[in-house]
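Just so it is clear, the model here is predicted, and its values are computed rather than measured.
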Amino acid sequence: MPDLRRQIFESGKTVSRKAASREASRTNSRGSSKQTSHQSSRTASRQASDDEDSGFLSDDTALSIGSLDDENPETENADWPQELSDRISEILDRKRSSVQGREEALSAFCRLTKYHYAEEEIRPYVSDLLSAFAKSIRSESSVRESTLALRAIELLVITSCDDKIYDNAEQLLTRCVRDSSSTAIKAAAIYCLGACTNFGGAGEEGILDQMTFLLDIIASDGQSIDAADDATSVTAALHVWGFLLSEVDDFEEDSEEAVQIFIDQLDSVDSGVQIAAGENIALLYEKSYTPQEDDDDEDSEEDEGESDEHESKDLASGPKLIKRYNAYHNTPELERQLSNLANIHSKRISKRDKKSLHGNFASILTTVENPRRGPRYNMAIDQATNRHYGSTLTVKIGRHGVMKIDRWWKWVRLTSLRRILQGGFAEHYFQGNRAVLDSLPVMMRMAEASGSGDRQSAKKAAKMRSSKRWTGFSEDEDEMES
């Protein structure tokens, strides 16, 4: 099997000195970890977070977000800017602080920046806050303090979009992933590293560096970071890898080995690992197709069997997609594995995990069979053709709109943003958070409010429509996609 890292470094892409030195330290760990990589997170264990602010969500299923209309407990908090200012002062003044006091200040900072778009309020303090959070991470005085500090950095970078954060935080976060004594902190640091890479100014070079680092973690089942068979760390690496891949334009050269590594993870005993690996496979297959260009042969890559009445409407919308390369050399064997997971009936698997595997892998399989098809929900099988079909996924955003998730890149970005912002996602979206809007340039439409119970919702929607931060609507989705 070709070495993906070598392919990236020898492909003519620029490599930073930092990446080159880091690569030298990885060589030894990769050699030993390969021997155990096929055991694929056999002893899965999920560590619960101390509280909701530590950033781990319970959703380990993919196509499960039907609505982002989460309750916002901060709706009536008109004094939140002053409270945030007070908490920032507490965080920056560590002289007489205690572990418990720092935990409470960090938790409050996460709550306030999650439920409010506070870009103006935190802008003057970005550098100082990053330094304070770094001290909490380095000290590891408690698992809760460190994970909350990592969570705070995620919210800091997604709110500020400061392009210096990656350079200032990358070394600290990488060291935390490798050297922390806690697997919960390692997983939180992986997610934080992904947010800083995506929103903190890493650029293409930094993204490729981190994708290589994460692939090491996945291929070795966590052994490369001294977290052998820790499903939480492997799942985090899979989620972040897919999020970063959604930002890469051309992955043809490296697709083969990446798919093979994710296929190995389909044998995991942890459903979260399996689903995250399957989503990345679907995204890699989707990337092997791109919109038809003016100089493409009109007769090239005709839709094969795409006249099925259940899918014709979906395929008719948007630009025609053309196959550019093979995402993997043995698609029929991969389809067999995905089909087994979509129909698995083992008694050793819980009903919840079984349902999750069935729904998610039915959707993943439809994309591998034809990468023109994106995420689906309400999956069914046409008895005449024995083919899966279903409706394109749509997600409610608050009570004011819906979002069409018809491509896997949109799905992985949405789930990553939701993990970071949780119940504050709609607030950040509607208030014009640049990181959120740049990540999800998809068509939105207003949901009609009806009845007296929805008057407040309708009022808020009208206010947002008139706001300068409100994003426009377009019936032509292609104009909104990047």
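- In this view, Glu335 satisfies the salt bridge (charged side-chain N to carboxylate O under 4.0 Å, His left out) rule with no residue, not counting sequence neighbours.
- Under a 3.5 Å cut-off, the side chain of Thr212 and the backbone N or O of Leu208 do form a donor-acceptor pair.
- Between the side chains of Asp229 and Gln223, not a single donor N or O lies within less than 3.5 Å of an accepting N or O.
- In this model, no donor atom of one side chain and acceptor atom of the other lie less than 3.5 Å apart for Ser439 and Arg413.
- Listed by first and then second residue, the salt bridge (charged side-chain N to carboxylate O under 4.0 Å, His left out) pairs involving residues 428-437 amount to none (not counting sequence neighbours).
- Considering only residues two or more places apart in sequence or on other chains, Ser416 meets the side-chain contact (heavy atoms from CB on, under 4.5 Å) condition with Phe243.
- Residues Phe251 and Met211 come closest through the heavy atom pair CE1-CE, 3.6 Å.
- Closest approach of Phe425 to Leu440, counting heavy atoms only: CZ-CD1, 3.8 Å.
- Among residues two or more places apart in sequence or in another chain, the side-chain contact (heavy atoms from CB on, under 4.5 Å) test is passed with Lys355 by none.
- Considering only residues two or more places apart in sequence or on other chains, Asn168 meets the side-chain contact (heavy atoms from CB on, under 4.5 Å) condition with Leu130, Lys164.
- Donor-acceptor pairing under 3.5 Å is recorded for the side chains of Gln260 and Tyr328.
- For Ser288, the side chain to side chain donor-acceptor pair (under 3.5 Å) criterion is met by no residue, not counting sequence neighbours.
- For the side chain to side chain donor-acceptor pair (under 3.5 Å) test, no residue two or more places apart in sequence or in another chain qualifies with Thr159.
- Residues passing the salt bridge (charged side-chain N to carboxylate O under 4.0 Å, His left out) test with Glu252, sequence neighbours excluded: none.
- The side chain to side chain donor-acceptor pair (under 3.5 Å) check on Thr367 picks up Trp408, with sequence neighbours excluded.
- Partners of Asn326 under the side chain to side chain donor-acceptor pair (under 3.5 Å) rule, at least two apart in sequence or in another chain, are Lys323.
- Here Asn340 pairs with Arg336 under the side-chain contact (heavy atoms from CB on, under 4.5 Å) rule; sequence neighbours left out.
- The closest donor-acceptor contact from the side chain of Glu286 to the backbone of Trp409 lies under 3.5 Å.
- Applying the salt bridge (charged side-chain N to carboxylate O under 4.0 Å, His left out) rule to pairs touching residues 184-199 yields nothing, sequence neighbours excluded.
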